[in-house]
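Below, all heavy atoms of this structure are taken into account, side chains as well, without hydrogens, waters or symmetry copies. This is a predicted model, so every value here is computed, not measured. Each chain gets a letter, A, B and so on, in the order the sequences are listed, and its residues count up from 1.
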Amino acid sequence: MTKADIVEKIYEKIGFSKKESAELVDKVFDIIKETLEDGEKIKIAGFGNFVVKEKSDRRGRNPQTGEEITITARKILTFKPSQVLKTTLNI
Amino acid sequence: MTKSQLAEKLAETNGVLTRKEAETIVNIVFDSIQDALQNGDKVEIRGFGSFTVRERGPREARNPKSGERVSIPSKKTPFFKTGKELRERVNDL
């Protein structure tokens with residue numbers, strides 16, 4: 001499934017034009033991306049939470065050459081699925 | 001930011017949308033992702049990321065209270081892989 005399928009559902013269920021529906025879906029993801037970029041988390045009840053986590057420097061190894069390298073500190077995005085979402089996948 | 005705040009922001013940025021319509025749209029977005037995952041489908045949102053279902057194999061565990069062995073059946077779990085654009089934006093690249 002891609003964004004186009006979500007657009008199609010909005011078009012069918014609410015009756016906005018396809019162009020409007022596409023713009024609205026884009027806007028939803030734009031708002032989410034901007035919020036996460038600012039380091040703020042997104043909490044979607046019944047679905048899950050998107051949280052930005054800070055990772056500090058750590059030692060790593062290039063798996064191909066075996067060479068030791070330092071993996072630099074970075075911010076990563078994590079998704080923690082809600083209990084509801086996890087349960088629905090196992091019914 | 002919660003789901004209702006997301007809907008509120010969507011309604012604000014789009015002048016013609018009512019609060020109710022914005023809520024419906026946000027709900028459809030996440031409901032359709034959930035439906036697809038329930039059907040075992042993969043969901044790919046360009047620039048954002050992709051959702052897949054991963055299977056966790058069965059395992060033996062112990063009830064920490066009684067020490068009794070219990071077998072845990074295989075389970076399906078949702079997995080999100082951050083897309084390149086978002087990964088870079090989150091890390092201020």
Practice item. Starting from the C-alpha separation in whole Å, work towards a yes-or-no answer on salt bridge (charged side-chain N to carboxylate O under 4.0 Å, His left out) for B/R89 and A/E34. Key: CA-CA 9 Å; B/R89 280 176 65 175; A/E34 281 161 20; 5.1 Å; no
Mind listing the closest non-hydrogen atom pair of [X] and [Y] along with its distance?
{"X": "A/V28", "Y": "B/L10", "value": "CG2-CD2, 3.8 Å"}
{"X": "A/L24", "Y": "B/L17", "value": "CD2-CD2, 3.7 Å"}
{"X": "A/E40", "Y": "B/M1", "value": "OE2-N, 3.0 Å"}
{"X": "A/K9", "Y": "B/S32", "value": "NZ-CB, 3.3 Å"}

Exercise for review: Go through the structure and list residues passing ring-ring contact (aromatic ring centres under 6.0 Å, His included) with A/F16, not counting sequence neighbours.
Suggested key: none
Practice item. Step by step, work out the side-chain contact (heavy atoms from CB on, under 4.5 Å) result for B/I28 and A/I14. Key: CA-CA 10 Å; B/I28 291 175; A/I14 341 191; 4.2 Å; yes
Point to revise | Criterion side-chain contact (heavy atoms from CB on, under 4.5 Å) on A/K27 and B/T13, from CA distance to verdict | key: CA-CA 9 Å; A/K27 196 71 212 168; B/T13 49; 3.6 Å; yes
Can you tell me how far [atom2] of [Y] sits from [atom1] of [X], rounded to the nearest 0.5 angstrom?
{"X": "A/E37", "Y": "B/E85", "atom1": "CD", "atom2": "CD", "value": "8.5 Å"}
{"X": "B/Q5", "Y": "A/I31", "atom1": "CD", "atom2": "CD1", "value": "11.5 Å"}
{"X": "A/M1", "Y": "B/I33", "atom1": "CE", "atom2": "CD1", "value": "5.5 Å"}
{"X": "A/I44", "Y": "B/T2", "atom1": "CD1", "atom2": "OG1", "value": "7.5 Å"}
{"X": "B/N91", "Y": "A/E54", "atom1": "CG", "atom2": "CD", "value": "9.0 Å"}

Check your understanding: In terms of heavy-atom proximity below 4.5 Å to chain A, should B/V43 be classed as side chain, backbone, both, or neither?
Key -> both
**Study point:** Neighbourhood of chain A inside residues 74-83 of chain B, taking heavy atoms under 4.5 Å as contact
**Key:** B/K75, B/K76, B/T77, B/P78, B/F80, B/T82
Practice item. Report the relative orientation of the aromatic rings in B/F48 and A/F29; use parallel for angles under 30°, tilted for 30 to 60°, perpendicular for over 60°. Key: tilted
Check your understanding: Would one find more than 12 heavy atoms of other residues, nucleotides or ligands at under 6.0 Å from atom CZ of A/R59?
Key -> yes
Check your understanding: Transitively linked via ILVMFWY side-chain contacts under 4.5 Å: A/Y11 with B/I45?
Key -> no
Check your understanding: When hydrophobic residues are tied together by side-chain contacts of less than 4.5 Å, even through go-betweens, does A/L36 share a cluster with A/V51?
Key -> no
**Study point:** Heavy-atom contact with chain B under 4.5 Å, split by part of A/T2
**Key:** both
Exercise for review: Considering only heavy atoms, give the residues of residues 73-88 of chain A separated from chain B by less than 4.5 Å, sorted numerically, with 'none' for an empty result.
Suggested key: A/R74, A/K75, A/I76, A/L77, A/F79, A/P81, A/L85, A/K86, A/T88
**Study point:** Option that, when pairs with chain B are counted at under 4.5 Å, heavy atom only, ranks first among A/D5, A/V25, A/I32
**Key:** A/I32
Review point. In terms of heavy-atom pairs under 4.5 Å, which option from B/L37, B/D41, B/L86 contacts chain A the most?
Key: B/L86
Check your understanding: Run the side-chain contact (heavy atoms from CB on, under 4.5 Å) check on B/D31 and A/F47 step by step: do they pass?
Key -> CA-CA 8 Å; B/D31 287 350; A/F47 187 80; over 6 Å; no
**Study point:** Residue list, side-chain hydrogen bond (donor to acceptor under 3.5 Å, both in side chains) with A/S17, at least two apart or on another chain
**Key:** A/E20
